[in-house]
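Have a look at the structure below, then the notes.
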Amino acid sequence: MRFFRTGTLLAGWVAAAMLLAAVRPVRADAGTGSGGLHQDVNGYGIQLAFPDRLSPGVTPLQVRITDAYDQPVTTARVQVVQTQLAPFSAGGHGASEADDHGAAGGDIHAAAEADPHTAAQADEHAGDAGHAEAEDAHAEPEAAHGHAEPEAAHAEADSHAEVDAHAADDAHAAGLPHTHAEGDLFQLAWEEASAAYQGQVIFFEAGQWRLDLEFDVAGQPHAAEFVVDVLPPDPGRAVLAAFAGLNVLILAAAAVLKRKSAAVWRRLGANA
Amino acid sequence: MTTNEARLRTTDIPLLLPERKRNLLDHKWIGAFLRSRWYPGVFQWPTLVVFAFILVQLLLGTFSAHDNFGTALTWVLWWPLIPILFLGLGRVWCAICPFATVNDLVQKFVGNNRPVPKFLKKYGIWIIDALFILITWSDHAVGIVESPRGSGILLLLLTTGVVFSGAFWQRRTFCRYLCFLGGLAGNYARTGMLALRGTPAICKTCTAAACYKGTAAAPGCPMFEFPKTMTSNASCNLCAACVKNCPNGSIQLTVRPPTQELWFIQKPKLEEAFLAAVIMGIVFVQNVTMLQVWKDLLAWFEAATGVQNYLVAFTLAFIVAMAIPVGLVALAAWFTRRFNGASVTENFARFGYALIALDVAGHIAHNLFHLLAEGKGVIFTALALFGREVHGASPALLDSGAIQLLQFGLILLGFAGSLYTAYRIARHNAAGRRSRAAFVPFAALITLLAVVNFGLFMLPMAMRM
């Protein structure tokens, strides 16, 4: 076609490249990346930092705790417990599960969240076994790890949460049974160079995970809760490279065959 | 009245002769635009750029379909709009489709331009039927629509097919003989309101065949069509190459009533009728799996059969859903056989086309939900690209009541279109009481399918994103 002139062609690809380069790609971690998650708990600022994209496996974790004067707290004992809230859903933030499970479970979940000590009561009042199971699952790790912050403190933490609110909301609405692939306790150690506590957590599979961060400063326990999305290993670039390779092969084969047939025609022409 | 007399019914003749209609190419602006070298390139290039961008988003953007701009553009915006485009303008999308542009580019630089293999010519539509079924099945089995990576891989597979076809075969072999969307488009374009044809009186004396062979102005028809003998818009993509090439100004572009082409199919093909029935099954599957009752149905199925594997259960349900419309058309064809004397296969092929109007309506109605209930998702995900997150806002453009009303309206239109088409097909192939009798089984079938569609759209659907 006339339209496919080299100049036009080049202009098209340059325009495409500029468009692709200009637009910032969406981060695959839905906002839980290097920018980190922040919460204020009892006057302490907690900053959680991860690699850009959370994938299953051992994940380095950095926690910075600052006091009311924005000075780093260096002497705290810091530990974190991870709990899986929901398996990975490509539909986004477990939305479909949220729809399916309805709001009833979500209410009880929220009550238990506000005060873990009331979990037992919630169990007693839970109308069905499914809800009771969910409550048990939620209450268990908190009890096991001495998660005993004052109710008001927890409420404050919730209200100041700057975590991936979107994800957290969905999880609360979902009222999912907490299937936590059992929460391990990871200790974090102070590191002067980064002025933060360093350690690692293990996410056993992709999905939505809750991180219960516990720290005590001068014998006073505090806790914060973060919800993060852990994504499956990304095949995107590998797939793209594989297809690119395959297409280059096809094009190369076609180019070689075209040259050969052109040479044959030239020879036939010369002979004639 | 004999069958031949019925075919030459005088009331049909004005509809068959395009010269009696207003030729849109005579319109100053339309004619000039379609003849200009800017058409269809002016649409092709932006489409290709957007396609490349979508591909990058699907493969390298967020995993969450809910947040992926590529998913939103493809499945919430483009996919619902495409059948509407087919209905209005026929296969015009195929003229500006990025795959076609890739095909042309590859062909320009490394194309070997070998003839289309015979097996593709013979079995092309069956391959399209099979691909369409396979893609719909794999959407549920491995996740395509709900997985940006799955969608990206599908597009890459198609791109590879197109590159191969463009590298080795003539013209747009892929679009004509292999593209599953092309097959769908071909069927839907028959209901389309635009018809491109040669003027018989002019073409009769033409020996140049520039429309097929091409000239310096434009290449020959990329879809292997010859306007001189064209009786269908199923393979015409309105690229206007023939308009530019014809030295005699024979080409006409006319407006026709929707579904008109289906009334007079000269050589009905079983595979095309089969595709029409299969699309009905696919619309059922798409609807049923998005309904809240789907889980209950699966639970019942698992309890009844003991099959616990979702993939097995879905595959069985899928086969049943595909088989029901095909079986029902075959049954109606068997009943009709008693009245018109044609074989079951002939009746299946003839009357299967009547389902297309209801197919289009069901397809548009289903996707209308996604477009109108999730439409703002396109804006939200676009904003996210520039760092502006929108949380908690409804993605709906219309409330569910209004959407449902539109869906019912569409099904009603599709039902009327299919019913009338079946009536015209019956009248075209038989006369008098025999034609009325031949019409009855298919009228009953179309009514049944419309009622099922109504029933499905009455139930609440789940979101795609």
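Numbered from 1 within each chain, the chains take letters A, B, ... in sequence-line order.
Both the backbone and the side chain of B:Phe164 have a heavy atom closer than 4.5 Å to some heavy atom of chain A. Only the side chain of A:Leu246 comes within less than 4.5 Å of a heavy atom of chain B; its backbone N, CA, C and O stay farther away. Proximity to chain A involves both the backbone and the side chain of B:Leu157, based on heavy atoms less than 4.5 angstrom apart.
The closest side-chain heavy-atom distance from B:Thr159 to A:Phe243 is not below 4.5 Å. Between B:Leu156 and A:Leu240 there is a side-chain heavy-atom pair separated by less than 4.5 Å.
Contact detail for A:Lys258 and B:Lys108: the closest heavy-atom pair is NZ-O, 3.9 Å.
The side chain to side chain contact (heavy atoms under 4.5 Å, CB included) with B:Val110 is formed by just one residue from the set A:Leu257, A:Val256, A:Ile250, A:Leu251; it is A:Leu251.
A distance of 9.0 Å separates CG of B:Asp67 from CG of A:Asp229, quoted to the nearest 0.5 Å.
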